[in-house]
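To find a chain, count down the sequence lines: A is the first, B the second, and so on, and within it residues start at 1.
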Number of protein chains: 2
Amino acid sequence: MSEPTMSGAPRRRTWQRDAVRDALGERDGFVSAQALHAGLREAGSPIGLATVYRALADLAADGAADHLQVEGEALYRACGSSGHHHHLICRSCGKTVEIGAAEVEAWAKAVAAEHGFREAEHVVDVFGLCSDC
Amino acid sequence: MSEPTMSGAPRRRTWQRDAVRDALGERDGFVSAQALHAGLREAGSPIGLATVYRALADLAADGAADHLQVEGEALYRACGSSGHHHHLICRSCGKTVEIGAAEVEAWAKAVAAEHGFREAEHVVDVFGLCSDC
DNA sequence: TTGATATTGAGAATGAATATCAATACTATC
DNA sequence: GATAGTATTGATATTCATTCTCAATATCAA
Ligand SMILES: [Mn+2]
Ligand SMILES: [Mn+2]
Ligand SMILES: [Zn+2]
Ligand SMILES: [Zn+2]
């Protein structure tokens, strides 16, 4: 996909990557690559769609963006907090709250072990309607 | 999509729907519509792809099938237990264990309320490698 | 048996995401 | 600053899951 580069070279800095990072940072909640690209174009940027897809994938790989799938569409969001965490997302406006939950982590680990599963990972997202919607 | 029917009519019984329900029941874990259709055709059934998609959507709507998305693909699984529950899924062979978790339910509800979100729902899935893999 | 209509399915259409690949932009190095 | 090696870009083609179309058919209540 897009690790630093097969040869270990660093990631080059381009105005396209900056544009994607900035545009993502200006959004409140999760956005699709398509939507972000449309927004950039409307703002006058000539950036290409494929580039937006690649930049988002890189940001996610670098931990600078969170990623989730809803209704078969990949959504991204600028991620400040480092480390493992989850999200509380507004179904209507997309507003998102980052949440950590030690109890859920412990539960997931325990459930997996209990049934003989190893290398356990988990997907935990909470959706609802925020107070503004 | 596939509610009972706009006019409230019941769901008609067809060999196609039975075939999909049966094929799904014979599988251990989650399957895609494509895979299930391929399996049915291999077994000699002339059932159409669109019909498999529709039957699976109906089963899910009726609560007779569980549904989840992984890597942009919709997966289905025959669901015995009624009521809300989650899954522990083997990444490799697809083996699945249904799990209920009152603690996670309570946590999700509390987190949503804490941030002023209402009508909260949640997605909770645990993936790992089962003891056979 | 019959009529109203839900269901089916082959093929077309949609749409997100990825692959191509020549042109271009970065960066380290001199 | 000039240069070379290569990562990046993007218009375009392509893939692939899923949905749509709509005429033909099957189901079921009466
Ligand atoms: Mn977690
Ligand atoms: Mn739950
Ligand atoms: Zn909202
Ligand atoms: Zn397994």
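- Rounded to whole Å, atom C1' of C:dA25 lies 14 Å from atom CD1 of A:I47.
- A donor-acceptor pair under 3.5 Å is absent between the side-chain atoms of A:R54 and the main chain of A:R17, judged by distance alone.
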Nucleotides 28-30 of chain D: which of its N/O atoms have a protein N/O under 3.5 Å away?
{"from": "D:dC28", "atom 1": "OP1", "to": "B:R13", "atom 2": "N", "distance (Å)": "3.0"}

Between A:Y76 and A:L36, does a side-chain contact (heavy atoms from CB on, under 4.5 Å) hold up when you go through it step by step? CA-CA 9 Å; A:Y76 296 87; A:L36 201 64; over 6 Å; no
B:F117/A:I89 under side-chain contact (heavy atoms from CB on, under 4.5 Å): CA gap, chis, key distance, verdict: CA-CA 9 Å; B:F117 281 60; A:I89 306 150; 5.9 Å; no
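- You'll find the side chain of A:E121 stays beyond 4.5 Å of the side chain of A:H84, heavy atoms only.
- Residues B:E105 and B:H86 are in side-chain contact: their nearest non-hydrogen atoms beyond the backbone lie under 4.5 Å apart.
- Summarising the geometry, the separation between NE2 on B:H37 and P on D:dT19 is reported as 15 Å, rounded to the nearest angstrom.
- Here B:R54 does not reach the OP1 or OP2 of C:dT7: none of its side-chain N or O atoms lies under 4.0 Å away.
- Checked by atom type, the side-chain pair B:S81/B:E98 shows a donor-acceptor distance below 3.5 Å.
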Using the 3.5 Å cut-off, write out each protein N or O paired with an N or O of nucleotides 13-17 of chain C and the distance between them.
{"from": "C:dA17", "atom 1": "OP1", "to": "A:A74", "atom 2": "N", "distance (Å)": "2.8"}
{"from": "C:dA17", "atom 1": "OP2", "to": "A:Y53", "atom 2": "OH", "distance (Å)": "2.8"}

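- Between the side chain of B:H37 and the backbone N or O of B:I47 there is at least one donor-acceptor pair closer than 3.5 Å.
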Here DNA chain D, pairs taken as Watson-Crick or G-U under 3.5 Å and shown with ( ), [ ] when crossing and | when to another strand, reads ||||||||||||||||||||||||||||||
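- The residue among A:Q16 and B:A50 whose nearest nucleotide of DNA chain C lies closer to the 5′ end is B:A50.
- Taking a 6.0 Å sphere around CZ of A:R21, one finds it holds 12 or fewer heavy atoms contributed by other residues, nucleotides or ligands.
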Any chance you could lay out the side-chain contact (heavy atoms from CB on, under 4.5 Å) test for A:H115 and B:I99, step after step, and finish with the verdict? CA-CA 10 Å; A:H115 291 85; B:I99 52 185; 4.3 Å; yes
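- Other residues, nucleotides and ligands place more than 12 heavy atoms under 6.0 Å from the CG atom of A:D18.
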